[in-house]
Enquirer: 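So that we are looking at the same thing, I have put the structure below in structure tokens.
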Protein chains: 2
Amino acid sequence: MSGSLHYKKHDKNYVAIDSIIFGFDDGKLKLLLIKRNFPPCKGQWSLMGGFVGEKESLDKAAYRILEQLTGLKEVYLEQLYAYGDINRDTEARVISVAYYALIKIDDYDSELGKKHGASWFAIDELPPLIFDHKIMVQKAMRRLRRKTIIQPVGFELLPEKFTLPQLQKLYEAIHQKEMDKRNFRKRMLSIGVINKLNEKDKNSSKRGAYLYEFDKEKYDYLATNGNLFDFV
Amino acid sequence: MSGSLHYKKHDKNYVAIDSIIFGFDDGKLKLLLIKRNFPPCKGQWSLMGGFVGEKESLDKAAYRILEQLTGLKEVYLEQLYAYGDINRDTEARVISVAYYALIKIDDYDSELGKKHGASWFAIDELPPLIFDHKIMVQKAMRRLRRKTIIQPVGFELLPEKFTLPQLQKLYEAIHQKEMDKRNFRKRMLSIGVINKLNEKDKNSSKRGAYLYEFDKEKYDYLATNGNLFDFV
DNA sequence: GCATTTAGCGTTATTTTTACACTTTATTTT
DNA sequence: AAAATAAAGTGTAAAAATAACGCTAAATGC
């Protein structure tokens with residue numbers, strides 16, 4: 001297969017993956033970054049990345065790299081954009097396909113993270129990043145914002161059980177603006193993909209807020225039967 | 001630069017561009033396809049494509065390839081998605097970054113097109129396409145639909161001067177549904193980026209319809225001053 | 001039992017979107 | 001020259017979606 005009869009004359013390029021890994025904790029949207037312990041730019045902050053093997057699809061590579069750092073397999077992962085400027089990497093010509101991931105921060109394997117020199121940064125307190133990684137992050141933020149308008153991906157960032165105030169804080173963090181409590185609830189409940197549980201979470205208030213869970217079946221049903229976001 | 005001290009151990013891959021080239025003619029949205037005169041899949045219909053050189057950015061490669069086929073340089077061109085399945089190309093492992101272009105079909109150099117065995121197909125009468133090109137086209141359609149909702153890219157597909165009925169037909173072709181004349185006009189005019197001219201086009205009616213032109217300056221002004229689509 | 005803190009709830013005004021039908025204009029036909 | 005034709009152009013009202021707004025309820029800590 002790799003014997004390319006007709007393609008031989010063409011160039012090959014290094015192709016890499018870079019992952020923008022979102023988490024939500026302490027009312028803040030965060031990114032998981034690594035401190036590079038290899039050149040170039042050793043010691044600087046960077047997105048998690050890696051090279052795409054010749055026998056590996058882009059998606060597979062993206063999952064592999066994400067798992068390397070977080071230990072997580074079943075996460076929301078979506079391709080963002082391919083970056084191909086000639087000098088974007090200072091070491092060699094590398095085309096990077098950026099992916100963004102939404103993870104439940106509690107599930108994240110922090111031991112693995114430590115090995116890679118990883119740590120979480122609030123989205124509005126990021127350190128300087130290598131290469132074009134800042135641009136990638138900005139694009140990921142815009143994408144995530146648009147995405148949460150048309151699909152309920154926000155749940156990917158919360159624990160299985162969450163409260164409405166939590167969900168609202170997440171949306172506020174993503175859209176960087178405050179929202180009205182009543183309108184937010186109305187909209188969320190009217191979509192009909194979260195179920196109220198008979199438990200309360202009392203961590204953030206004396207009274208305690210009801211826990212909800214995302215109903216994937218209802219979501220799939222609505223999505224396939226065209227009642228949900230049928231303008232997309 | 002290509003001496004990659006630390007990257008040497010990693011694989012390199014063929015990286016290609018494939019272009020979904022949209023045009024609008026005869027009230028129909030069309031795609032420019034080529035009949036491949038080289039293996040693999042010689043003789044079958046395909047998107048225009050080409051390989052990315054080692055000293056060439058993705059965007060540059062996309063423009064180069066587009067110009068090769070159409071003779072056009074200043075066109076709307078946007079990256080769509082990177083396709084990286086291991087066996088998507090039957091000849092070798094090739095990662096393809098798809099771009100979509102919007103061109104004014106009158107400006108297109110049909111002589112160049114002939115050389116490449118190119119011809120236009122209505123979007124709902126496409127022939128079978130090689131590899132994963134059909135999937136690319138579907139994604140491009142979805143992207144174009146969403147794009148026209150939030151940015152006035154439609155003008156890229158029309159001549160400099162166009163009538164409102166023409167513009168409406170274009171939008172109807174893109175969204176594959178009929179629209180109300182009065183509402184369509186109201187919305188378009190209220191955006192404030194088209195100017196009425198003192199000429200009429202009499203090709204498609206006895207009475208003749210007023211010609212309009214897109215006002216790029218007004219658009220840029222509105223876009224940067226936040227009155228246009230400020231939810232994006 | 002009083003103070004504190006966050007959860008939870010309903011209504012009205014505003015804006016946006018949709019639905020809908022007749023007149024105007026120039027050409028072609030008779 | 002009059003009549004028929006064909007697409008262009010115009011306004012208003014109903015419906016739906018969104019935005020604005022303040023008070024009560026529940027549980028804990030003092």
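In this text the structure is predicted, and so the values were computed from the model without any measurement. Numbered from 1 within each chain, the chains take letters A, B, ... in sequence-line order.
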Enquirer: Determine whether A:Pro165 and A:Arg185 make a side-chain contact, defined as any pair of heavy atoms from C-beta on separated by less than 4.5 Å.
Expert: yes

Enquirer: Under 4.0 Å from a heavy atom of chain A: give me the 5'-most and 3'-most nucleotides of DNA chain D that qualify.
Expert: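 Extent of the interface on DNA chain D: D:dA19 to D:dT28.
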
Enquirer: Can we say B:Glu111 and B:Lys114 salt-bridge, meaning some charged N sits less than 4.0 Å from an Asp/Glu carboxylate O?
Expert: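 Yes, B:Glu111 and B:Lys114 are salt-bridged.
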
Enquirer: Counting C-beta onward and ignoring hydrogens, is there a side-chain heavy-atom pair between B:Leu47 and B:Leu33 closer than 4.5 Å?
Expert: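 B:Leu47 reaches B:Leu33 side chain to side chain.
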
Enquirer: Tell me which pairs pass salt bridge (charged side-chain N to carboxylate O under 4.0 Å, His left out) where either residue lies in residues 206-219 of chain B, with sequence neighbours left out.
Expert: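 Checked against salt bridge (charged side-chain N to carboxylate O under 4.0 Å, His left out) - neighbours excluded - the pairs reaching residues 206-219 of chain B are B:Lys216-B:Asp220.
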
Enquirer: Does any non-hydrogen side-chain atom of B:Tyr76 lie less than 4.5 Å from one of B:Val153?
Expert: yes

Enquirer: Taking atom types as modelled and ignoring hydrogens, do the side chains of A:Thr163 and A:Asp201 form a donor-acceptor contact shorter than 3.5 angstrom?
Expert: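 Their side chains do not contain a donor-acceptor pair, so the 3.5 Å distance test is not met.
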
Enquirer: Taking B:Arg64 first and then B:Glu67, would you say they form a salt bridge - that is, a charged N and a carboxylate O separated by under 4.0 Å?
Expert: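 Result for this pair is no, no salt bridge flagged.
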
Enquirer: Across nucleotides 1-10 of chain C, 5' to 3', mark each nucleotide with B, S or - according to how protein heavy atoms within less than 4.0 Å reach it.
Expert: ---BSSBBBB

Enquirer: Partners of A:Arg145 by side chain to side chain donor-acceptor pair (under 3.5 Å), sequence neighbours excluded?
Expert: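 By the side chain to side chain donor-acceptor pair (under 3.5 Å) rule, A:Arg145 matches A:Gln176.
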
Enquirer: Taking DNA chain C as the partner, which of residues 170-179 of chain B come within under 4.0 angstrom of it by heavy atom?
Expert: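 Correct list: empty, so none.
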
Enquirer: Based on the rotation axes of five pairs at each end, what angle does the helix from C:dG1-D:dC30 to C:dT30-D:dA1 bend through, to 10°?
Expert: 10°

